[in-house]
**Q** 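This is the structure I want to talk about, given as structure tokens.
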Amino acid sequence: MKKNTFNLRTSPLANSNILRINSEREEIWVNPPYQRNGEVWPEDKRQLLIDSILNEFDIPKMYFHILGRNSPGALGRTYAVIDGRQRLETIWKFIDGGFSLAKDFEYFRDETVKAASLTYSQMALK
């Protein structure tokens with residue numbers, strides 16, 4: 001009898017790699033059959049996630065399945081989300097200008113930075 005073997009690998013994802021996730025968004029299958037519905041978080045929860053990322057607080061890990069070339073339904077994508085769909089969609093929505101930081105946002109590394117209520121693109125202009 002042949003034993004099934006698999007290789008499980010985890011790696012920390014620094015905040016700077018968030019842009020990598022954004023650049024590879026077309027490679028990520030967010031709604032494989034086992035995944036729950038997306039776009040369910042209210043704006044205040046989305047703002048809290050972005051606040052946590054910007055202030056470098058720990059956030060829950062995101063898990064991805066590396067897909068084979070002919071994975072059914074994957075449509076040529078490289079990864080499938082196992083856990084983290086809401087977090088991914090929130091990050092992408094913020095980068096795309098879908099919502100702004102909270103009115104009471106504080107950047108703890110430099111309190112002179114006033115970014116409350118700014119969108120991602122507005123932050124880039126500051």
Side-chain angles (χ1 to χ4, degrees):
M1 180 188 315
K2 185 178 178 183
K3 248 186 174 178
N4 288 335
T5 61
F6 63 92
N7 192 7
L8 181 63
R9 208 173 25 148
T10 64
S11 57
L13 187 62
N15 289 344
S16 61
N17 286 329
I18 298 277
L19 293 177
R20 178 176 174 212
I21 286 176
N22 186 54
S23 71
E24 293 181 349
R25 111 169 40 179
E26 298 302 319
E27 300 282 321
I28 301 171
W29 189 16
V30 295
N31 62 343
Y34 54 81
Q35 191 59 251
R36 290 180 286 190
N37 291 334
E39 298 291 330
V40 296
W41 278 6
E43 186 171 290
D44 62 329
K45 190 165 184 175
R46 291 177 186 273
Q47 290 170 324
L48 283 172
L49 176 70
I50 300 302
D51 181 310
S52 295
I53 292 169
L54 293 175
N55 279 304
E56 299 182 1
F57 299 148
D58 285 339
I59 63 169
K61 294 178 186 177
M62 290 185 244
Y63 292 92
F64 301 90
H65 174 127
I66 299 174
L67 301 168
R69 291 185 179 262
N70 298 317
S71 295
L75 301 171
R77 294 181 185 99
T78 306
Y79 311 99
V81 175
I82 295 172
D83 184 46
R85 180 176 181 172
Q86 298 303 318
R87 283 164 275 161
L88 275 176
E89 289 178 341
T90 293
I91 291 164
W92 291 336
K93 191 169 191 161
F94 181 68
I95 290 172
D96 291 344
F99 66 95
S100 63
L101 295 174
K103 292 177 183 175
D104 61 351
F105 172 80
E106 294 180 48
Y107 184 56
F108 296 119
R109 293 184 76 199
D110 183 349
E111 293 178 8
T112 65
V113 172
K114 303 299 179 198
S117 300
L118 294 180
T119 62
Y120 179 81
S121 62
Q122 289 170 327
M123 287 172 45
L125 298 174
K126 295 284 180 188

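Keep in mind the model is a prediction, meaning the values are calculated, not measured. When reading the values below, keep in mind they use all heavy atoms of this one structure, side chains included, and skip hydrogens, waters and symmetry mates.
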**Q** Find out if a path of hydrophobic residues (ILVMFWY) with successive side-chain heavy-atom gaps under 4.5 Å connects Ile28 to Leu75.
**A** no
**Q** Can you list the residues that meet the side-chain contact (heavy atoms from CB on, under 4.5 Å) rule with Asp96, with sequence neighbours excluded?
**A** Arg25
**Q** Calculate, to the nearest 0.5 Å, the distance between atoms CG and CG belonging to Leu101 and Leu48 respectively.
**A** 11.0 Å
**Q** Looking only at non-hydrogen atoms, find the nearest pair between Trp41 and Leu49 and report the distance.
**A** CZ3-CD2, 3.9 Å
**Q** With rounding to the nearest 0.5 Å, note down the distance linking OG in Ser117 to CZ in Phe99.
**A** 12.5 Å
**Q** Would you tabulate the side-chain donor-acceptor contacts of residues 78-89 under 3.5 Å, counting partners in other chains and residues two or more places apart, or write 'none'?
**A**
| from | atom 1 | to | atom 2 | distance (Å) |
| --- | --- | --- | --- | --- |
| Thr78 | OG1 | Glu27 | OE1 | 2.2 |
| Asp83 | OD2 | Arg87 | NH2 | 3.2 |
| Arg85 | NE | Glu89 | OE2 | 3.0 |
| Arg85 | NH1 | Arg36 | O | 2.7 |
| Gln86 | OE1 | Val40 | N | 3.2 |
| Gln86 | NE2 | Asn37 | O | 3.0 |
| Arg87 | NH1 | Pro60 | O | 2.8 |
| Arg87 | NH1 | Lys61 | O | 2.5 |
| Glu89 | OE1 | Glu39 | N | 2.8 |

**Q** To check you understand the geometry: which heavy-atom pair defines the closest contact between Thr90 and Arg46, and what is its length?
**A** OG1-NH1, 3.1 Å
**Q** With rounding to the nearest 0.5 angstrom, report the CG to CZ distance, Asp51 to Phe105.
**A** 5.0 Å
**Q** Tell me the closest heavy-atom pair linking Gln47 and Ser100, and the distance in Å.
**A** NE2-O, 3.0 Å
**Q** Apply the test side-chain contact (heavy atoms from CB on, under 4.5 Å) to residues Ile21 and Ile91: give CA-CA distance (whole Å), side-chain angles for both, the deciding distance (0.1 Å), then the verdict.
**A** CA-CA 9 Å; Ile21 286 176; Ile91 291 164; 5.6 Å; no
**Q** Could you report the tightest heavy-atom contact between Trp29 and Leu67, atom names first, then the distance?
**A** CE3-CD1, 4.1 Å
**Q** Hey, could you give me the CD1/CG distance between Ile18 and Leu54, rounded to the nearest 0.5 Å?
**A** 9.0 Å
**Q** Restricting to non-hydrogen atoms, name the atom on Ser52 and the atom on Ile59 that form the minimum distance, rounded to 0.1 Å.
**A** CB-CG2, 3.8 Å
**Q** Which heavy atom of Gln35 sits nearest to which heavy atom of Val30, and what is that distance?
**A** CG-O, 3.2 Å
**Q** Name all residues meeting the ring pair (Phe, Tyr, Trp, His ring centres under 6.0 Å) criterion together with Tyr107; count only those two or more places apart in sequence or in a different chain, and write none if there are none.
**A** none
